[in-house]
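To keep things clear, I will list the structure first and then write my remarks on it.
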Amino acid sequence: MIETFEPLTQQALCSRLTGHPWQTLVQVLDTVDSTNNAAKQLAAQGAPQGTAILAGHQTAGRGRRGRSFFSPPGAGLYLSVILRPQVPPDRLLHLTALCAVAAARAVEAACGLRPGLKWVNDLVVGRRKLGGILTELTLKPDGSLDHVVVGVGVNCCQTRFPADLADLATSIAAETGVADAKADLAASLLQELSTLEAALLPGPEKDAWLAEFAETCVTLGKDVQVLRSGSVRPARALGIDENAGLLVEYPDGIREVIASGEVSVRGMYGYV
Ligand code: BTN
């Protein structure tokens, strides 16, 4: 039997953002190809920091490394927000990790379940994927940062998945019994993301977020495969550096920090 879900409404979200400076910058749409694409278009037209696009359904939801993000109607949270941090692009190396912490905090606030983070951008519960983060930077012609679009997708309501995802994916409803966390999750996530800027600069805020990322990162201590331009190398994940890079050790004892976005990391025995 096909599951059907109530769509998230603008009213349900905005009523949870009363007094928040981003409350008037939120748009909840019915269907888009990708909320990241829609947000990038708005950003190119000058939309301010905090402009957020949410959709009930994505026809071409995107993940990192050209993967798709399964986005059936009403089942998940599909949200993209425009940020315009006043920092040079090289200060943003840990941005995806910080957004992942924001998403983990928001899931916990919305349903009581604290997901793990698979380095660097996946929310997981046990061995299954709950959601993911896709951050996309746009630079000005002079190389300075124009804007960032942070896209977050979280499986919320579905209790069944297509056969190819059945062993790999999970949802808030399947894990906690909270039937529809979309509005609470969206509001918590926007609140968390709006506090992010202080953590992009060196200082106690950044240290605290990075420590929280490392504590939540289920990849640490695991045997992984480092996938880089066609090559696959086994390694052991040891730690997180100051840019949220993953410190790994290869069987020959050589250590290397893998930058976010540079390579993909897979568990040796499955998705996580
Ligand atoms: C990943 O799994 O690699 C990241 C998935 C990110 C999915 C979200 S859903 C909202 C936003 N729009 C997209 O097309 N992608 C992100």
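Hydrogens, waters and symmetry mates play no part in the numbers below; they use all other heavy atoms, side chains included.
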Pair Arg105 + Glu212: basic N to acidic O under 4.0 Å: yes
Aromatic plane relationship, Phe70 with Phe161 - under 30° parallel, 30 to 60° tilted, over 60° perpendicular: tilted
Pair up each side-chain donor or acceptor in residues 90-100 with any protein partner under 3.5 Å, not counting sequence neighbours, and list the distances.
residue, atom, partner, partner atom, Å
His94, NE2, Ala199, O, 3.3
Thr96, OG1, Thr135, OG1, 2.5

Pair Arg62 + Glu136, salt bridge at N-O below 4.0 Å: yes
Check against salt bridge (Lys or Arg N to Asp or Glu O under 4.0 Å), Glu256 and Arg228: CA-CA 13 Å; Glu256 180 185 26; Arg228 177 186 278 138; 3.1 Å; yes
Common cluster, Ile82/Leu196, ILVMFWY with side-chain heavy-atom separation under 4.5 Å: no
Closest approach of Trp22 to Ser194 (non-hydrogen atoms, all atoms of both residues): CH2-CA, 3.4 Å
Side-chain (Glu249) to main-chain (Arg255) donor-acceptor, under 3.5 angstrom: no
Glu6 CD: over 12 foreign heavy atoms closer than 6.0 Å: no
Check: Leu201 and Val87 side chains under 4.5 Å, non-hydrogen atoms: yes
Trp119 backbone acceptor or donor facing Thr219 side chain under 3.5 Å: yes
Under 3.5 Å donor-acceptor, Arg128 side chain and Ala166 backbone: yes
Pairwise side-chain contact, Lys182 with Cys157, heavy-atom cut-off 4.5 Å (strictly under): yes
Minimum heavy-atom distance between Ser71 and Gly61, given as atom pair plus value: OG-CA, 4.0 Å
Where Ala235 and Val226 come nearest, the two heavy atoms and their spacing: CB-CG2, 4.1 Å
Ile53 reachable from Val149 in the ILVMFWY side-chain graph, under 4.5 Å edges: yes
Glu175 vs Thr170, side-chain hydrogen bond (donor to acceptor under 3.5 Å, both in side chains): CA-CA, chis, key distance, verdict: CA-CA 7 Å; Glu175 295 293 336; Thr170 191; 2.6 Å; yes
Side-chain H-bond candidate by donor/acceptor type, Ser34 with Asn36, under 3.5 Å: no
Same apolar cluster: Leu189 and Leu123, side chain cutoff 4.5 Å: yes
Residues Leu77, Leu54; criterion side chain to side chain contact (heavy atoms under 4.5 Å, CB included); working and verdict: CA-CA 8 Å; Leu77 179 73; Leu54 297 94; 3.8 Å; yes
Flag, side chain of Gln158 to backbone of Ser171, donor-acceptor distance under 3.5 Å: no
Verify same cluster id: Leu185, Leu13 (apolar side-chain graph, 4.5 Å): yes
Where Ile133 and Ala103 come nearest, the two heavy atoms and their spacing: CD1-CB, 3.8 Å
Nearest heavy atoms of Lys140 and Leu145, plus distance in Å: CE-O, 3.8 Å
Lys129/Leu168 under side chain to side chain contact (heavy atoms under 4.5 Å, CB included): CA gap, chis, key distance, verdict: CA-CA 6 Å; Lys129 177 162 172 163; Leu168 302 175; 5.9 Å; no
Would you give me the side-chain donor-acceptor pairs under 3.5 Å for residues 237-248, sequence neighbours excluded?
residue, atom, partner, partner atom, Å
Asp241, OD1, Asn243, N, 2.9
Asp241, OD1, Ala244, N, 3.2
Asp241, OD1, Gly245, N, 2.8

Passing candidate, side-chain hydrogen bond (donor to acceptor under 3.5 Å, both in side chains) with Gln49, options Gln86, Arg84, Glu197: Glu197
Nearest heavy atoms of Lys222 and Val218, plus distance in Å: NZ-O, 2.7 Å
Same apolar cluster: Val124 and Phe69, side chain cutoff 4.5 Å: no
Side chain to side chain contact (heavy atoms under 4.5 Å, CB included) evaluation trace for Tyr78 with Leu8: CA-CA 10 Å; Tyr78 317 122; Leu8 174 67; over 6 Å; no
Check: Val26 main-chain N/O paired with Gln10 side-chain donor or acceptor under 3.5 Å: yes
